[in-house]
Amino acid sequence: MIQTTKKILILGSTGSIGTNCLHIVEQMREAFQVVGLATFSRVEKLLEQARLFHPEWVAVSSGQITGSARKTFRDLGVHVFSGAHALEQISLESDYNMMVNAVVGAAGFLPTLHAIGKGADIALANKETLVIGGELVMAQAKKQNVAVLPVDSEHSAIFQSLMGESSETVEQIILTASGGPFRTWSKELLSSVTVEQALKHPNWNMGKKITIDSATMMNKGLEVIEAIRLFHVSVDKIKVVIHPQSVIHSMVAFIDGSVKAQLGVPDMRVPIQLALTYPERKFSRFPRLDFGKYTELTFEEPDLNKFQALALAFEAGRIGGTAPAVLNAANEVAVSLFLNRKIRFDQIPQLVEQAVMKHQVVQNPDKNQLLAADLWARQNVERFI
Ligand code: NDP
Ligand code: MG
């Protein structure tokens, strides 16, 4: 079989998903050509990556790049985009057939649309893209015959469980959740959570924003919305189950009573690799699941009264239109206020709730209405403290 090289553009290459992605690419040099890398501000790390992977383009969204770094990129033959529009520019102007979108937050939304416009497949880690404008993104992807391949471990598990199945036979999608570091804490204690405590996830090593989202369980909420968009199901077909060992990455229940699950060691490289190599499944040396080590797999119902963020996301998913975009933007601002020690941990869902309640929802929004809703939430959240 003739192996074609995928030309990939990696947005967020210096982050947790981005660096894992490059490790995989390093092991499969013949299958991938890294044509572009994009970051926010970690230029030194980007330079290191550029020396190893020889991209043609890089982007630095913060715009903070020294003259000497620019010169080094130039000497390496790399074109640099920098500043607030760098991510969009690299998405529009570079030549790739697969985008790995691993930036964090709403910054990933427009680049996803640009990639679809160019007909490039997308390995999507940036769940915020689908929360903000999932209906629009999936409709455009369908029109352009572009594959949106999930990197998020739960969605990769669902994607794999759905292989060979027809969508009419799906009864329920069961998203598993670790429950985060505060699974066993009382609701009252959540007001005393420190930044350090919230940044310690029991099973996964991830970027700061998603780690806080996991602690509030907003991450699972965003994943509920991500799932309804990716798999075209109604929110009522999604169930969240707490599974503290993070071995079952998610499941699909079918109309005959059968349930399919995907299992594995909690290691993001597995879903990243599958998204990169799809439709093929390739050999890896990642750790194997040793059932001797996991003598117990347990399940619990999530406490929606304690983890209000999860309840809010279900609600925003039910409302639809611009509500999920507002939920997402308000959450981004609230998480950053918490990380900067401006608000308490339990104020994160409170601010998000205020934003979702006060927002005038627009149904069937276009791109500009989604961006306007996102901006409205960002400008107003702090007033709700
Ligand atoms: P990190 O914080 O580790 O990395 C984020 C990356 O995005 C960095 O390279 C960062 O650059 C870059 N970035 C951030 N903002 C911008 C911007 N405005 N413009 C350009 N680049 C930007 O995050 P993660 O890797 O943990 O997460 C990335 C995405 O993947 C998130 O959407 C998350 O929800 C999702 N995800 C992550 C998982 C994980 O295990 N980490 C699991 C499932 C989903 P710089 O380094 O310069 O700051
Ligand atoms: Mg996940």
Side-chain angles (χ1 to χ4, degrees), residues 9-23 36-49 58-65 69 81-91 99-112 122-132 149-159 175-180 199 201 203-214 216-227 230 240 243 246 248-250 262 264 266-272 275 328 331-332 335-336 339:
L9 164 64
I10 306 175
L11 307 185
S13 64
T14 50
S16 158
I17 296 285
T19 46
N20 273 320
C21 178
L22 283 171
H23 285 148
L37 297 169
T39 182
F40 181 67
S41 63
R42 280 189 272 177
V43 176
E44 278 307 312
K45 192 159 181 182
L46 185 66
L47 259 173
E48 241 171 71
Q49 295 178 339
V58 296
V60 180
S61 297
S62 67
Q64 285 161 6
I65 172 165
F81 296 103
S82 87
H85 298 292
L87 213 49
E88 285 196 63
Q89 284 172 318
I90 196 167
S91 309
M99 168 187 279
V100 177
N101 191 337
V103 296
V104 58
F109 175 56
L110 289 177
T112 306
I122 297 163
L124 190 66
N126 180 261
K127 62 193 81 183
E128 292 91 344
T129 284
L130 291 177
V131 176
I132 296 167
L149 302 160
V151 167
D152 215 345
S153 56
E154 294 78 1
H155 304 75
S156 179
I158 297 160
F159 182 71
L175 278 172
T176 52
S178 72
L199 283 176
H201 194 278
N203 303 344
W204 301 95
N205 186 7
M206 311 177 284
K208 280 187 181 173
K209 192 258 180 183
I210 183 176
T211 304
I212 301 300
D213 284 348
S214 300
T216 59
M217 286 198 76
M218 179 58 91
N219 181 51
K220 208 49 52 183
L222 300 178
E223 290 183 356
V224 167
I225 302 171
E226 182 183 11
L230 266 176
V240 172
H243 166 48
S246 299
I248 297 181
H249 298 310
S250 276
Q262 185 261 346
D267 184 337
M268 282 310 294
R269 291 174 300 177
V270 178
I272 297 171
N328 177 67
N331 180 59
E332 282 186 32
V335 168
S336 136
L339 283 171

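As a basis for the values below, the full set of heavy atoms in this structure was taken, side chains included, without hydrogen atoms, waters or symmetry mates. In listed order, ligands and their atoms are each counted from 1. In this chain, residues are counted from 1 in sequence order.
Polar contact check, G12 against ligand 1: a nitrogen or oxygen pair lies under 3.5 Å apart. Between K208 and ligand 1, a contact under 3.5 Å exists for no N or O pair. At under 3.5 Å, a nitrogen or oxygen of F40, whether backbone or side chain, sits near a nitrogen or oxygen of ligand 1.
Within the 4.0 Å heavy-atom cutoff, A38 does not count among the residues contacting ligand 1.
Counting atoms of ligand 1 from 1 in the listed order, those under 4.0 Å from a heavy atom of S41 are 45 (P), 47 (O). Near A102, with a cut-off below 4.0 Å to any heavy atom, the atoms of ligand 1 are 5 (C), 6 (C), 7 (O), 28 (C). For ligand 1 and N126, the ligand atoms under 4.0 Å from any heavy atom of the residue are 32 (O). Each of the atoms 45 (P), 46 (O), 47 (O) of ligand 1 lies under 4.0 Å from some heavy atom of R42. Atom numbering of ligand 1 starts at 1 in the shown order; those under 4.0 Å from a heavy atom of T14 are 8 (C), 9 (O), 11 (O), 45 (P), 46 (O), 47 (O). Atoms of ligand 1 lying under 4.0 Å from any heavy atom of A125, numbered from 1 in the order shown and given with element: 30 (O), 32 (O), 35 (C), 36 (N), 44 (C). Those atoms of ligand 1 that come under 4.0 Å of a heavy atom in M206, given as number and element, are 26 (O), 39 (C), 40 (O), 41 (N).
I10 pairs with exactly one of V100, V103, I17 by the side chain to side chain contact (heavy atoms under 4.5 Å, CB included) rule, that one being V100. With respect to I158, the side chain to side chain contact (heavy atoms under 4.5 Å, CB included) criterion is satisfied by exactly one of S250, S153, P150: S250. Shown are M206, M218, K208; of these, the side chain to side chain contact (heavy atoms under 4.5 Å, CB included) with D213 is made only by M218.
Residue G15 holds the heavy atom nearest to atom 4 (O) of ligand 1 of all those in G15, A59, P266, G207. When V43, I210, I90 are ranked by how near their heavy atoms come to atom 36 (N) of ligand 1, first place goes to I210. Residue nearest to atom 38 (C) of ligand 1, selected from D267, T129, I10, I17: I17 (by heavy-atom distance).
In this structure, the side chains of I210 and V104 stay at 4.5 Å or more apart for every pair of heavy atoms. Residues T19 and Q49 meet the side-chain proximity criterion, which asks for heavy atoms closer than 4.5 Å. M268 has its side chain within reach of V151: a pair of non-hydrogen atoms, C-beta onward, lies under 4.5 Å apart. Side-chain contact between S156 and Q262 is absent, with no heavy atoms from C-beta onward closer than 4.5 Å. Contact annotation: the side chain of N328 approaches that of L222 to within less than 4.5 Å [non-hydrogen atoms, C-beta and beyond].
In this structure, N101 CG and L11 CG are separated by 5.0 Å, a value rounded to the nearest 0.5 Å. Atom CG in D267 sits 12.5 Å away from atom CG in N203 (nearest 0.5 Å). The distance from atom CD of E223 to atom CD of E226, rounded to the nearest 0.5 Å, is 6.0 Å.
The nearest protein atom to atom 34 (O) of ligand 1, hydrogens excluded, is given as K127 CE, 3.3 Å; this is a heavy-atom distance. With hydrogens left out, the protein atom closest to atom 43 (C) of ligand 1 is D152 OD1, 3.1 Å, a heavy atom. Nearest protein heavy-atom neighbour of atom 14 (C) of ligand 1: V104 CG1, 3.7 Å. When only non-hydrogen protein atoms are considered, atom 3 (O) of ligand 1 lies nearest to S16 N, 2.9 Å.
Annotation for H201 and S214: closest pair CD2-CB, 3.5 Å, computed over non-hydrogen atoms.
Here K45 does not pair with E48 in a salt bridge; the nearest charged N to carboxylate O distance is not below 4.0 Å. With respect to E154 and K127, no salt bridge is recorded, no charged nitrogen being found less than 4.0 Å from a carboxylate O.
Side-chain polar atoms of T39 and T14 form a donor-acceptor pair below 3.5 angstrom.
With a heavy-atom cut-off of 4.0 Å, M268 touches ligand 1 through its side chain alone. Residue-level proximity to ligand 1 for E128 is carried by the side chain, the only part with a heavy atom below 4.0 angstrom. For S61, every heavy-atom contact with ligand 1 shorter than 4.0 Å involves the side chain, none the backbone. Looking at A107 against ligand 1, only its side chain comes within 4.0 Å, counting heavy atoms. At a heavy-atom distance under 4.0 Å, only side-chain atoms of L87, from C-beta outward, approach ligand 1. For V103, heavy-atom contacts with ligand 1 shorter than 4.0 Å involve the backbone as well as the side chain.
Take the N/O/S atoms of E154: the one nearest the Mg ion (ligand 2) is OE1. Restricting D152 to its N/O/S atoms, the shortest distance to the Mg ion (ligand 2) is reached by OD1. Atom OE2 is the N, O or S atom of E223 at the shortest distance from the Mg ion (ligand 2).
A donor-acceptor distance shorter than 3.5 angstrom exists from the side chain of T176 to the backbone of H249, with no hydrogens or angles considered.
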